[in-house]
Amino acid sequence: MLQTQDNTKILSNWTSKSPAFLLTALPGFQAVHGWISIPFCCVYAIALSGNSMILSIVITQCNLHEPMYYLLSMLSATDLGLTVSTMSTTLGVLWFDAREITLDACIIQMFFLHGFTFMESGVLMAMAFDRYVAICNPLRYTTILTNSRIIQMGLLMILRTVVLILPLLLLLKPVIFCRMNVLSHSYCYHPDVIKLACSDTRTNSICGLVDLVFTTGIDIPCIILSYILIIHSVLNIASPVERYKVFSTCLSHIGAVAVFYIPMIILSFVHRYGWSFPKVVHSMMANVYLLLPPVLNPIIYSVKTKQIRKAVLSLLLAK
């Protein structure tokens, strides 16, 4: 009788409209979570310190008050947001085995997680436009990319993010979950959550597809078009030395685009077609997708951008 009551209670929890989800760090490695947390802490520390340094340098150095560096500071801000939005749950699972998370908390985390992801995609597109104007229309650079226009671009990115992400997340509230709600990652990721639903999720899938079209579906073609125009302009330069010099100004941005979009595309394929993959592959790709850009972007821009490199060195030597 008692066993029947327990089973009924568990089934009631599973079919609740406000269920609890269980987060997963690295499946099969629960016994060594304490050791695994050490590299995670190092990675989070690098991401937080690197992006905070870029932000503080751009804000305090007057010679960096230019459109390119304003956009770089926006990229660092979104990377900080991505890092902070997942750090608490990931370290909570690794340190304290705090795996349970409610649907409402999951929705809040997804708002910031996917919101900063959408914004980072928009910032990378804006940075591609910045490189296009700087190389193809250098004489009009200061008149096209004014401070007010940079602010307008930032506000448009925020508006696009809010308009797209709110319906996507609000549509999760009526969804019924009727299986053991074990997530594949140490944070809430919309495709991962929606897979656990047992009610009709066609509206959610359509909304997710619309969001994808209006973010990466627009941003990636715009970035590619910008670089096609840049390459065409660079090839018209007679001197190979000048070609290299001009094109080298784009290397940092190309690196940032690669470390953001390549893991995202791989993770999407893993979620859609990787049913036979071990669960640890899903979890590792999810962590790479979110941690790689915040960690590598400050390093890429510090190494490849002379002004940022000099400012970082002067700051470190001063300390």
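For the single chain, residues carry numbers from 1 onward in sequence order.
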A.B. asks: Any heavy-atom pair between the side chains of Leu22 and Glu100 that's under 4.5 Å?
C.D. replies: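 They are in contact (side-chain heavy atoms under 4.5 Å apart), so the answer is yes.
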
A.B. asks: Tell me which one of Thr249, Ile254, Ile223 satisfies side-chain contact (heavy atoms from CB on, under 4.5 Å) with Arg131.
C.D. replies: Thr249

A.B. asks: Check whether any side-chain heavy atom of Thr305 sits under 4.5 Å from a side-chain heavy atom of Met68, and report yes or no.
C.D. replies: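 Contact flag for Thr305/Met68 side chains = yes.
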
A.B. asks: Restricting to non-hydrogen atoms, name the atom on Asp130 and the atom on Pro67 that form the minimum distance, rounded to 0.1 Å.
C.D. replies: OD1-CB, 4.1 Å

A.B. asks: Check whether any side-chain heavy atom of Leu91 sits under 4.5 Å from a side-chain heavy atom of Tyr44, and report yes or no.
C.D. replies: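 In short, these two side chains touch, coming nearer than 4.5 Å.
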
A.B. asks: Working to the nearest 0.5 angstrom, can you tell me the gap between Ser205 OG and Asp200 CG?
C.D. replies: 8.5 Å

A.B. asks: Looking just at side-chain N and O atoms, do Gln109 and Ser85 make a donor-acceptor pair shorter than 3.5 Å?
C.D. replies: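 Checked: Gln109/Ser85 side chains show no N/O donor-acceptor pair below 3.5 Å.
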
A.B. asks: With no hydrogens and no angle check, just 3.5 Å: does a side-chain donor-acceptor pair link His253 and Tyr227?
C.D. replies: yes

A.B. asks: Assess, by modelled atom type and distance only, whether the side chains of Asp192 and Tyr187 contain a donor and an acceptor separated by less than 3.5 Å.
C.D. replies: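 Note: Asp192 and Tyr187 side chains miss the donor-acceptor criterion.
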
A.B. asks: Could you check whether any side-chain heavy atom of Phe260 comes within less than 4.5 Å of a side-chain heavy atom of Leu292, counting everything from C-beta outward?
C.D. replies: no

A.B. asks: What heavy-atom pair brings Leu80 and Ala47 nearest, and what distance separates the two atoms?
C.D. replies: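 In terms of heavy atoms, the two residues are closest at CD2-O, 4.3 Å.
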
A.B. asks: Which heavy-atom pair separates Asp79 from Pro293 by the least distance, and what is that distance?
C.D. replies: OD2-O, 3.8 Å

A.B. asks: Just how far is it from atom CD1 of Ile165 to atom SG of Cys207, taken to the nearest 0.5 Å?
C.D. replies: 10.0 Å

A.B. asks: Can you confirm if the aromatic rings of Phe40 and His33 lie within a centre distance of less than 6.0 Å?
C.D. replies: no

A.B. asks: Looking at every heavy atom in both Pro27 and Ala25, which two are closest together, and how far apart are they?
C.D. replies: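 In this case the closest contact between Pro27 and Ala25 is CD-O, 3.9 Å.
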
A.B. asks: Begin from the C-alpha positions of Cys41 and Trp95 and carry the test side chain to side chain contact (heavy atoms under 4.5 Å, CB included) through to its verdict.
C.D. replies: CA-CA 11 Å; Cys41 288; Trp95 283 348; 3.3 Å; yes

A.B. asks: Is Leu166 reachable from Met110 through a run of hydrophobic residues whose side-chain heavy atoms are each under 4.5 Å from the next?
C.D. replies: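 Result: yes, single cluster for both.
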
A.B. asks: Would you say Val32 and Val93 are hydrophobically clustered, going by side-chain heavy atoms of ILVMFWY under 4.5 Å?
C.D. replies: yes

A.B. asks: Roughly how far, to the nearest 0.5 Å, is CE of Met285 from OG of Ser268?
C.D. replies: 9.5 Å

A.B. asks: Atom CD1 in Ile230, atom SG in Cys250: separation rounded to 0.5 Å?
C.D. replies: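 It comes to 4.5 Å.
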
A.B. asks: Determine whether a donor-acceptor pair (N or O, by modelled atom type, separation under 3.5 Å) exists between the side chain of Thr89 and the backbone of Ser186.
C.D. replies: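 Checked: pair present.
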
A.B. asks: Run the side chain to side chain contact (heavy atoms under 4.5 Å, CB included) test on Phe129 and Ile144 for me, step by step, so that the C-alpha distance in whole Å, both residues' side-chain angles and the decisive distance to 0.1 Å come before the verdict.
C.D. replies: CA-CA 11 Å; Phe129 177 68; Ile144 294 174; 4.2 Å; yes

A.B. asks: I'd like to know if the side chain of Arg309 reaches the main chain of Val303, judged simply by a donor and an acceptor atom lying under 3.5 Å from each other, with no hydrogens or angles considered.
C.D. replies: yes

A.B. asks: Flag the pair Ile224 / Ile220 as yes when at least one side-chain heavy-atom distance between them is below 4.5 Å, and no otherwise.
C.D. replies: yes

A.B. asks: Decide whether Leu168 and Ile107 are clustered together by the hydrophobic rule: side chain heavy atoms of Ile, Leu, Val, Met, Phe, Trp, Tyr closer than 4.5 Å, transitively.
C.D. replies: no

A.B. asks: How many angstroms lie between atom CG of Leu145 and atom OG1 of Thr143, to the nearest 0.5 angstrom?
C.D. replies: 8.5 Å

A.B. asks: Starting from the C-alpha separation in whole Å, work towards a yes-or-no answer on side chain to side chain contact (heavy atoms under 4.5 Å, CB included) for Phe21 and Thr102.
C.D. replies: CA-CA 6 Å; Phe21 296 90; Thr102 64; over 6 Å; no

A.B. asks: Could you tell me whether the side chains of Ser121 and Tyr261 share a donor-acceptor contact shorter than 3.5 Å?
C.D. replies: yes

A.B. asks: Any side-chain heavy atom of Val175 sitting closer than 4.5 Å to one from Leu171?
C.D. replies: no

A.B. asks: With a 4.5 Å limit on heavy-atom distance, are the side chains of Arg140 and Val133 in contact?
C.D. replies: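 In short, these two side chains do not touch, never coming nearer than 4.5 Å.
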
A.B. asks: So, Tyr69 and Gln61: side-chain donor and acceptor under 3.5 Å apart, yes or no?
C.D. replies: no

A.B. asks: Identify the two heavy atoms, one from Gly154 and one from Met74, that lie closest to each other, and give their separation to 0.1 Å.
C.D. replies: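 It is CA-CE, 3.7 Å.
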
A.B. asks: Is there side-chain contact between Ser184 and Thr24, with heavy atoms separated by less than 4.5 Å?
C.D. replies: no

A.B. asks: Do Leu170 and Ile206 share a hydrophobic cluster (ILVMFWY, side-chain heavy atoms under 4.5 Å, transitive)?
C.D. replies: no

A.B. asks: What verdict does the salt bridge (charged side-chain N to carboxylate O under 4.0 Å, His left out) test give for Asp219 and Arg160, after you've listed the backbone C-alpha separation in whole Å, the side-chain angles of each residue and the deciding distance to 0.1 Å?
C.D. replies: CA-CA 12 Å; Asp219 298 344; Arg160 180 183 74 164; 3.0 Å; yes

A.B. asks: Scan Leu113, Asp211, Thr78, Val162 and name whichever one has a side-chain contact (heavy atoms from CB on, under 4.5 Å) with Phe118.
C.D. replies: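 It is Asp211; the other options fail the test.
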
A.B. asks: Quick check: does any side chain N or O of Thr90 sit under 3.5 Å from a backbone N or O of Met87, one acting as donor and the other as acceptor?
C.D. replies: no

A.B. asks: Under a 3.5 Å distance rule, please check whether His190 uses its side chain to pair with a backbone N or O of Leu169 as donor and acceptor.
C.D. replies: no

A.B. asks: For Leu267 versus Ala286, what's the shortest heavy-atom pair and its separation?
C.D. replies: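 Heavy atoms only, the tightest pair is CD1-N, 3.8 Å.
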
A.B. asks: Run the side chain to side chain contact (heavy atoms under 4.5 Å, CB included) check on Leu296 and Tyr301 step by step: do they pass?
C.D. replies: CA-CA 9 Å; Leu296 291 185; Tyr301 276 93; over 6 Å; no

A.B. asks: How many angstroms lie between CD in Gln152 and CG in Leu159, if you round to the nearest 0.5 Å?
C.D. replies: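 Rounded to the nearest 0.5 Å, the CD-CG separation comes out at 12.5 Å.
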
A.B. asks: Tell me if a side-chain donor or acceptor on Asn51 pairs with a main-chain N or O of Pro294 at a distance below 3.5 Å.
C.D. replies: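 It does hold such a pair.
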
A.B. asks: Starting from Tyr132, can I reach Leu235 by hopping between I/L/V/M/F/W/Y residues whose side chains sit under 4.5 Å apart?
C.D. replies: yes

